[in-house]
Amino acid sequence: MSSSATPGLKNVLVTGGAGYIGSHVVYCLQKTRRYKVISIDNHHNSLPAALTRVAELSLEELKASCSPDEPTPSQLESTKVDAHTCDLTDPASVRAVFAKYGKGGIWGVVHIAAYKAVGESTEIPLTYYANNVSATLSLLQIMSEFDCSRIVYSSSATVYGTPPEVPIPESTRLKADSPYGRTKVMCETIIGDLCSAEPDKWQAISLRYFNPAGAHPSGRIGEDPRGRPGNLLPLLAHMAVGRIPDPLLKVFGNDYPTEDGTCVRDYLHVLDLAGGHLLALEALEEGSELNATAFADVKDGKFKAYNLGKGKGMSVYQIVEAMRKATGFGYKTEVVGRRRGDVPALIADPALAQKELGFSAAHDLETMCRDLWNWQKKNPKGYET
Ligand SMILES: NC(=O)c1ccc[n+]([C@@H]2O[C@H](COP(=O)([O-])OP(=O)(O)OC[C@H]3O[C@@H](n4cnc5c(N)ncnc54)[C@H](O)[C@@H]3O)[C@@H](O)[C@H]2O)c1
């Protein structure tokens, strides 16, 4: 056991832990009281305050759940985050984090950190390949050096590009049509190859996220992108809270073959998505029930990919209407031309994750919008408030 081990807790490294999805994953891991979270984030698109808030929230919830008894030392430890401001493209500093815990000291990794803007990736592809692919390669090499061979990887529905059918099953051929999407396909391929090469060592689960939305219902943690949000829901929240002067929503095309002509996406609550990571980690535990179901049919190394989505599509206009109801804000929209790379509909077939991991995206759109607005209202300037 390494000197940094706490009895009863598994050390899990979360990369990108201070980001939108990362902070909710860290919260969910802490809530189980089974893990001690170590985070690596370079704060390219986040602030350290996110993890301070997560730790405060976890501690308050722990105390409330134990009362009138005192939490145990291990429970208390589970609410702390060992947060490192560190860049994954710098192997020396990542190695230093692993060295702190020693060989075998980090039980598993949830690798979330990446650049994620499709449009930007078409302009600066090398930056995307370096940050998303090279950094993942380097992380895997360092994991191997330190006998850490369980990984949950943050993939994306963009791996499917323009899918031949919706809802999209995992068996669909991967054919991403942006550099960003291709970084996800490449990382999945690299991780899959590693699992095939050393089947007795590596186990990995790739989670292909559809469109995460919402925030923790307390309004204490949420999405806080640097600059103008690239995604629809945070953009609508920024408009409603007054962060965007003369807000006018550009609708990129209303002539798609969808019910109202606008693009359709599969939105799921960020806490449902984060919960999927707990299930994936459980599936990486040798001897667990989920380990048996996830890898039962796997022949060529223990690598499995799952869609995380609701299996239900929402159009741009439906989202605007749901946010209007949640915020009371009168959104103005203007239809402009289609955006390069947009596909009419991306809807998950979540059946495999439901069957093998017991995953379910239970929250509805109304709840996602309500929680997002609650977060934005309480934190008009995000974590800078
Ligand atoms: N948000 C979405 O709609 C969505 C959809 C599908 C997939 N994903 C994937 O989910 C993951 C997280 O997305 P998010 O929305 O939380 O994004 P985010 O930008 O909020 O979080 C990513 C975090 O990783 C950090 N990071 C980036 N590069 C790093 C590096 N080299 N070293 C250390 N830290 C680094 C950022 O500072 C940020 O805190 C990404 O891999 C993204 O591709 C997101």
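Just so we're clear, the structure is a prediction, and the values are computed from it rather than from any experiment. For reference, positions follow the sequence shown, starting with 1. Remember, it's 1-based here, ligands and their atoms both numbered in the order they're listed.
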E259 atom CD, neighbour heavy-atom count above 12 within 6.0 Å:
no
According to the salt bridge (charged side-chain N to carboxylate O under 4.0 Å, His left out) rule, which pairs have a member within residues 202-219, sequence neighbours left out?
E188-R208
Only heavy atoms count here, so choose which of I112, D90, D41 is nearest to atom 40 (C) of ligand 1.
I112
Looking at non-hydrogen atoms alone, which of Y153, Y115, F210, Y20 comes nearest to atom 5 (C) of ligand 1?
F210
Residue set satisfying side chain to side chain contact (heavy atoms under 4.5 Å, CB included) with T127, at least two apart, ordered chain then number -> Y115, I124
Ligand 1-proximal atoms of [X], by part, heavy-atom distance under 4.0 Å:
{"X": "A157", "value": "neither"}
{"X": "E223", "value": "neither"}
{"X": "N211", "value": "neither"}
{"X": "A135", "value": "neither"}

What residue and heavy atom of the protein are closest to [atom], and at what distance?
{"atom": "atom 28 (N) of ligand 1", "result": "N131 ND2, 3.0 Å"}
{"atom": "atom 16 (O) of ligand 1", "result": "I21 N, 2.8 Å"}
{"atom": "atom 14 (P) of ligand 1", "result": "K116 NZ, 3.7 Å"}
{"atom": "atom 21 (O) of ligand 1", "result": "G19 CA, 3.5 Å"}
{"atom": "atom 43 (O) of ligand 1", "result": "Y180 OH, 2.5 Å"}
{"atom": "atom 18 (P) of ligand 1", "result": "N45 ND2, 3.7 Å"}
{"atom": "atom 8 (N) of ligand 1", "result": "Y209 CD1, 3.5 Å"}
{"atom": "atom 26 (N) of ligand 1", "result": "N42 OD1, 3.4 Å"}

Close-contact set for ligand 1 against [X] heavy atoms, below 4.0 Å:
{"X": "N231", "answer": "3 (O)"}
{"X": "D87", "answer": "30 (C), 31 (N), 32 (N)"}
{"X": "S46", "answer": "37 (O), 38 (C), 39 (O)"}
{"X": "P212", "answer": "1 (N), 2 (C), 3 (O), 5 (C)"}
{"X": "S155", "answer": "7 (C)"}
{"X": "S156", "answer": "6 (C), 7 (C)"}
{"X": "H43", "answer": "37 (O)"}
{"X": "H44", "answer": "37 (O)"}

Could you state the interatomic distance from CD1 (I112) to OG (S39), rounded to the nearest 0.5 Å?
9.0 Å
Hey, what do you get for CG (L372) to CE (M368), rounding to the nearest 0.5 Å?
11.0 Å
Consider ligand 1: state whether an atom of it lies below 4.0 angstrom from any non-hydrogen atom of [X].
{"X": "C86", "value": "yes"}
{"X": "R208", "value": "no"}
{"X": "P225", "value": "no"}

Going by atom types alone, do [X] and [Y] pair a side-chain donor with an acceptor below 3.5 Å?
{"X": "R265", "Y": "N231", "result": "no"}
{"X": "D364", "Y": "T367", "result": "yes"}
{"X": "Q318", "Y": "Y267", "result": "no"}
{"X": "D82", "Y": "Y101", "result": "yes"}
{"X": "E286", "Y": "Q203", "result": "yes"}

Quick one: does any side-chain atom of [X] pair with a main-chain N or O of [Y] as donor and acceptor, under 3.5 Å?
{"X": "K250", "Y": "V336", "answer": "no"}
{"X": "K184", "Y": "N132", "answer": "no"}
{"X": "Y128", "Y": "A117", "answer": "yes"}

State, with a plain yes or no, whether a side-chain heavy atom of W375 is found less than 4.5 Å away from one of D224.
yes
Is [X] close to ligand 1, meaning an N/O of one under 3.5 Å from an N/O of the other?
{"X": "T89", "result": "no"}
{"X": "L88", "result": "yes"}
{"X": "A113", "result": "no"}

Is it true that E77 and K80 make a salt bridge, defined as a side-chain N closer than 4.0 Å to a carboxylate O?
yes
So that I can tick it off, tell me whether K332 and D246 are bridged by a salt bridge, with the cut-off set at under 4.0 angstrom between side-chain N and carboxylate O.
no
